[in-house]
Amino acid sequence: MTKPQEPKNPSDGDKPAGEGIRRPDGPTALIDTDYVIGQDNISTRAMGLDLDLHGKVFTISALVILVFVFLTLALQNQVEPIFNGVRDWLTGNLTWVFLSGANIFVLVCLGLIFSPLGRVRIGGPGAKPDYTYFGWFAMLFAAGMGIGLVFYGVAEPMTHFGTSLAGTTTGPDGVRTDWAPLNGAAGDEAGAMSLGMAATIFHWGLHPWAAYSLVGLALAIFAYNKGLPLTIRSVFYPILGERVWGWPGHCIDILAVFSTLFGLATSLGLGASQASAGLHYLFGIPNTNVTMTLLIVAITIVALVSVLSGLDKGVQRLSMINMVMAFLLLGFIIVVGPTMMIATDFFTNIGSYLHYLPALSMPFGREDANFSQGWTAFYWAWWISWSPFVGMFIARVSRGRTVREFLLSVLLVPTLVSVLWMTAFGETAIHQQIASGFQGVQDAALELKLFAMLGQMPLATITSVLGIILVIVFFVTSSDSGSLVIDSITAGGKVDAPTTQRVFWCLIEGAIAIALLLGGGLGALQAAAVSTGLPFTIVLLVGCYALVKGLMSEPRPSKKAKA
């Protein structure tokens with residue numbers, strides 16, 4: 001299947017091989033296949049627009065999505081109970097699949113880090129990184145969890161603290177009716193804070209980033225080391241062989257498109273609802289579906305401008321702006337909030353996370369059904385549905401990193417940032433309740449908890465506006481990055497397809513977010529993420545085997561060589 005060999009033109013190591021995929025720098029186990037990137041594509045010019053797309057993958061994906069959007073908008077009242085029913089059934093019956101899968105992803109990542117396979121370099125032994133660490137980390141952070149951190153940064157720690165403090169309750173049938181994680185910490189403020197922060201970090205730590213890491217690493221290895229198209233199907237070549245270019249591969253890529261689109265729509269819908277709620281809270285602008293729809297339309301237009309600017313000028317620039325604004329807001333909270341509490345509890349919360357990790361990640365025998373199904377199962381499905389998008393984006397920007405460097409960075413850096421973010425925002429809100437008895441954050445809706453917390457601090461209007469801008473820019477970055485990834489999948493793995501196609505997918509992302517918000521609100525958004533996350537969990541589990549098999553065929557430097 002594979003054989004170590006030099007690039008066909010070693011002197012042209014930086015030039016494209018195929019369509020935008022650079023040749024490996026040094027000997028790699030190139031896969032010997034007659035398939036040429038884009039050979040099944042339709043290349044034409046229609047109505048003055050250049051098109052270069054995979055006929056089957058693009059056509060089926062686009063038609064199904066357009067029909068979904070039309071039916072959801074046309075039958076808004078009828079689809080809401082369907083969305084809620086799908087979400088409840090999947091999380092109620094298949095939570096163990098999500099939890100088991102996420103645990104396996106973490107174990108595979110740890111195994112690769114500590115194995116000799118960690119010395120393999122993405123792009124070949126002589127490959128150099130395309131981006132500085134700062135630029136790389138900025139894009140990782142912005143693409144992976146931007147809107148979610150802003151939306152849930154106050155909401156989730158405060159919610160888990162409150163439910164833990166209230167303790168457990170049971171119904172007449174003996175089944176627990178509370179939402180506390182594990183067994184709660186009834187009446188114990190310190191215990192409730194410890195458990196609440198551990199549960200929050202669990203949802204934003206190693207498990208989601210393990211899923212992102214594996215997809216990103218697999219795509220990078222099979223594209224930059226083995227010369228295959230930058231699409232999800234390429235990962236499965238060790239299993240399917242040449243059949244990966246036929247219908248089995250088409251189905252994998254189509255599923256990846258659906259997963260990416262609905263995972264993005266969930267985040268975009270949450271971002272729009274929070275921005276709308278913030279505008280109403282600050283300026284009295286009506287918090288209605290009309291406002292959220294107008295926000296999505298306006299931000300999608302901004303995203304189009306970024307799309308037209310390209311990866312280096314568009315996504316990287318916006319990612320760095322995101323990072324600067326995010327850390328400005330984070331720094332303000334640390335300085336103005338309970339600084340010493342945040343500084344000391346950063347380490348305490350990591351300890352709490354590790355202490356509760358085995359119990360929180362247990363797939364079976366859980367009594368905290370509301371928490372494990374309503375929170376964890378939804379989160380894992382959401383992260384996994386995002387993994388094709390984030391993974392492919394990470395792959396695009398990670399050439400030149402070793403497997404060990406890649407996994408350690410993608411796992412640990414965003415996790416530590418998430419711990420600091422959740423500690424600062426969450427414990428500031430909890431401190432307001434414990435120290436001064438302020439109940440406003442606890443009583444506020446999820447999308448308003450951030451603004452309720454900021455309202456009790458100096459410069460409340462300025463920081464709240466900054467929070468709204470941060471949500472909007474994260475929104476733009478996610479939409480821009482998502483359209484880049486989906487376009488690559490539906491263009492047969494080409495990374496330099498006509499910009500027209502990225503514009504199309506950028507518009508589709510906004511349309512899906514609008515359709516889901518109007519057709520069922522938060523429940524519809526959650527149902528979309530869970531529905532696409534489930535099948536892709538199975539796909540990713542199989543992909544773990546293919547990744548390890550692919551890495552084992554790659555040449556590795558000796559232990560004395562720099563990895």
Side-chain angles (χ1 to χ4, degrees), residues 64-88 146-148 150-152 154-155 258 260-304 374 378 382 385 443-452 464-465 467-480 482-483 504-532:
V64 172
I65 292 296
L66 290 172
V67 170
F68 171 85
V69 170
F70 174 78
L71 292 177
T72 303
L73 291 175
L75 305 172
Q76 293 178 30
N77 296 329
Q78 290 82 2
V79 296
E80 182 172 2
I82 296 176
F83 284 135
N84 291 333
V86 168
R87 178 199 59 193
D88 294 342
I147 290 176
V150 180
F151 189 92
Y152 286 108
V154 174
F258 292 158
T260 302
L261 281 171
F262 286 112
L264 275 169
T266 301
S267 297
L268 302 186
L270 290 175
S273 64
Q274 187 175 38
S276 177
L279 292 172
H280 175 72
Y281 182 83
L282 292 173
F283 308 113
I285 296 174
N287 184 16
T288 62
N289 286 338
V290 173
T291 301
M292 286 186 278
T293 300
L294 291 175
L295 274 171
I296 293 174
V297 170
I299 297 171
T300 300
I301 292 173
V302 177
L304 289 175
F378 161 66
W382 188 15
S385 70
D443 297 337
L446 282 178
E447 61 269 20
L448 280 173
K449 289 186 184 295
L450 169 66
F451 304 110
S464 295
V465 170
I468 294 173
I469 295 174
L470 191 58
V471 168
I472 291 173
V473 180
F474 272 131
F475 191 152
V476 172
T477 306
S478 297
S479 181
D480 188 347
S483 61
F504 171 79
W505 289 115
C506 187
L507 294 173
I508 288 293
E509 290 159 22
I512 294 175
I514 292 171
L516 289 172
L517 277 174
L518 297 180
L522 182 60
L525 295 170
Q526 293 174 335
V530 173
S531 299
T532 52

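None of the values given here were measured: they were computed from a predicted structure. Note that these values count all heavy atoms, side chains included, but never hydrogens, waters or copies made by symmetry.
For L304, the side chain to side chain contact (heavy atoms under 4.5 Å, CB included) test picks out V503, C506, L507, with sequence neighbours left out. For L66, the side chain to side chain contact (heavy atoms under 4.5 Å, CB included) partners two or more places apart in sequence, or in a different chain, are I508. Residues satisfying the side chain to side chain donor-acceptor pair (under 3.5 Å) test with T532, not counting sequence neighbours, are none. With sequence neighbours excluded, the residues forming a side chain to side chain contact (heavy atoms under 4.5 Å, CB included) with A511 are V69, listed by chain and number. Annotation: side chain to side chain contact (heavy atoms under 4.5 Å, CB included) contacts of D443 (sequence neighbours excluded): Q439. Applying the side chain to side chain donor-acceptor pair (under 3.5 Å) criterion to E447, with sequence neighbours excluded, gives no partner residue. Shown here are the ring pair (Phe, Tyr, Trp, His ring centres under 6.0 Å) partners of F262, two or more places apart in sequence or in another chain: F68.
Considering CG of L450 and CZ of F151, their distance stands at 10.5 Å, rounded to 0.5 Å.
Sorted by first and then second residue, the ring-ring contact (aromatic ring centres under 6.0 Å, His included) pairs involving residues 270-303 (not counting sequence neighbours) form an empty list. Among residues at least two apart or in separate chains, side chain to side chain donor-acceptor pair (under 3.5 Å) pairs with a member in residues 504-516 are S479-E509, T490-W505.
Contact annotation: the side chain of L279 approaches that of I468 to within less than 4.5 Å [non-hydrogen atoms, C-beta and beyond]. Side-chain atoms of I65 and F258, non-hydrogen and from C-beta on, do get closer than 4.5 Å to each other.
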